[in-house]
Undergrad: 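Take a look at this one; I'll ask things after.
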Amino acid sequence: MKQDILQRLTQTLSARKGAAPETSYVAKLYHKGDDAILKKVIEESGEVLLAAKDGDREHLVYEVADLWFHTLVLLAHKDLTAEDVLNELARREGMSGIEEKANRK
């Protein structure tokens with residue numbers, strides 16, 4: 001089911017931590033470390049911006065999927081999950097952005 005995709009991806013990304021770098025793209029990123037993962041997140045962010053500017057909705061969705069995926073890789077690398085982000089979004093729900101930002105201080 002589509003609504004379970006974040007949970008399944010989280011499980012898969014966690015399992016890839018123990019995989020050999022030659023057998024998995026994600027394992028290869030983990031093996032290369034922070035710099036490689038962060039570079040992919042930056043690269044995908046730029047591609048999202050370009051796709052949005054081009055106005056091609058299908059391409060934008062494709063690039064956002066890539067960005068989300070690589071962000072999930074980053075979270076897993078740091079022993080965090082999509083659930084951690086969802087919990088933070090739930091905490092912020094119904095709160096104005098101004099209020100949320102003021103609460104960070």
Side-chain angles (χ1 to χ4, degrees):
M1 298 175 93
K2 282 188 268 186
Q3 56 266 40
D4 298 330
I5 190 66
L6 288 176
Q7 183 179 21
R8 289 194 312 272
L9 269 173
T10 295
Q11 291 169 346
T12 299
L13 294 173
S14 179
R16 295 294 187 270
K17 285 185 169 189
E22 321 64 66
T23 64
S24 161
Y25 169 74
V26 171
K28 187 182 297 185
L29 281 175
Y30 289 151
H31 181 74
K32 289 181 178 180
D34 285 355
D35 287 346
I37 296 168
L38 294 170
K39 182 178 177 185
K40 284 304 296 182
V41 171
I42 291 168
E43 175 187 324
E44 298 303 340
S45 297
E47 290 175 6
V48 165
L49 297 175
L50 293 173
K53 197 164 174 88
D54 288 346
D56 181 339
R57 293 166 48 95
E58 187 175 327
H59 187 218
L60 177 58
V61 168
Y62 178 88
E63 295 300 347
V64 169
D66 279 353
L67 176 59
W68 283 14
F69 177 80
H70 287 91
T71 301
L72 289 169
V73 170
L74 174 62
L75 288 171
H77 184 63
K78 299 295 186 178
D79 296 321
L80 295 165
T81 67
E83 187 73 21
D84 295 314
V85 176
L86 293 173
N87 288 339
E88 176 60 15
L89 289 172
R91 183 189 71 77
R92 295 180 186 187
E93 187 176 19
M95 185 184 306
S96 79
I98 294 168
E99 179 186 357
E100 192 281 325
K101 197 156 190 135
N103 286 338
R104 290 186 201 175
K105 295 178 180 181

Undergrad: Return each pair, listed once, that meets side chain to side chain donor-acceptor pair (under 3.5 Å) where at least one residue sits in residues 66-81; pairs must be two or more places apart or across chains.
TA: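 Residue pairs with at least one partner in residues 66-81: K17-D79, Y25-H70, D34-H77, D34-K78, T81-D84.
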Undergrad: Are more than 12 heavy atoms, taken from residues, nucleotides or ligands other than R8, located less than 6.0 Å from that residue's CZ atom?
TA: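 Correct, the count exceeds 12.
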Undergrad: Below 4.5 Å, heavy atoms only, C-beta onward: do V85 and L6 meet side chain to side chain?
TA: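 They are not in contact (no side-chain heavy atoms under 4.5 Å apart), so the answer is no.
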Undergrad: Measure the CD-NE2 distance between E47 and H59 for me, rounded to the nearest 0.5 Å.
TA: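 Rounded to the nearest 0.5 Å, the CD-NE2 separation comes to 7.0 Å.
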Undergrad: Under 4.0 Å between a Lys/Arg side-chain N and an Asp/Glu carboxylate O for E44 and K40?
TA: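 Looking at E44 and K40, the cut-off is met.
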Undergrad: Would you say that more than 12 heavy atoms from the other residues, nucleotides or ligands in this model lie under 6.0 Å from the CG of D35, or not?
TA: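 Result for CG/D35: open.
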Undergrad: So if you build clusters from Ile, Leu, Val, Met, Phe, Trp, Tyr with side-chain heavy-atom gaps below 4.5 Å, do I5 and L86 land together?
TA: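 The answer is yes; both residues are in one hydrophobic cluster.
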Undergrad: State, yes or no, whether a side-chain contact exists between V26 and F69 at a heavy-atom distance under 4.5 Å.
TA: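 They are in side-chain contact.
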Undergrad: Could you list the residues that satisfy side-chain contact (heavy atoms from CB on, under 4.5 Å) with E88, not counting sequence neighbours?
TA: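 With neighbours one apart ignored, the set is R91, R92, E100.
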Undergrad: Measuring only between side-chain heavy atoms, which start at C-beta, is L13 closer than 4.5 Å to T10?
TA: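 Of all side-chain heavy-atom pairs linking T10 with L13, none is under 4.5 Å.
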Undergrad: Looking only at heavy atoms, which two atoms of R16 and S24 are closest? And how far apart?
TA: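 What the structure gives for the nearest pair is CD-OG, 3.1 Å.
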Undergrad: Enter the distance from L50:CG to L60:CG here, rounded to the nearest 0.5 Å.
TA: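 Those atoms lie 11.0 Å apart.
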Undergrad: Measuring from atom NE2 of H31 to atom CG of L29, what distance do you get when rounded to the nearest 0.5 angstrom?
TA: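 Atom-to-atom, H31:NE2 and L29:CG are 11.5 Å apart.
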Undergrad: Would you compute the distance between atom CD1 of I37 and atom NZ of K28 and round it to the nearest 0.5 angstrom?
TA: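 Between I37 CD1 and K28 NZ, I get 13.5 Å after rounding to 0.5 Å.
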Undergrad: Which heavy-atom pair separates A20 from A27 by the least distance, and what is that distance?
TA: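 What the structure gives for the nearest pair is O-CB, 3.7 Å.
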Undergrad: Any non-hydrogen side-chain atom of E63 less than 4.5 Å from a side-chain atom of L67?
TA: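 E63 does not reach L67 side chain to side chain.
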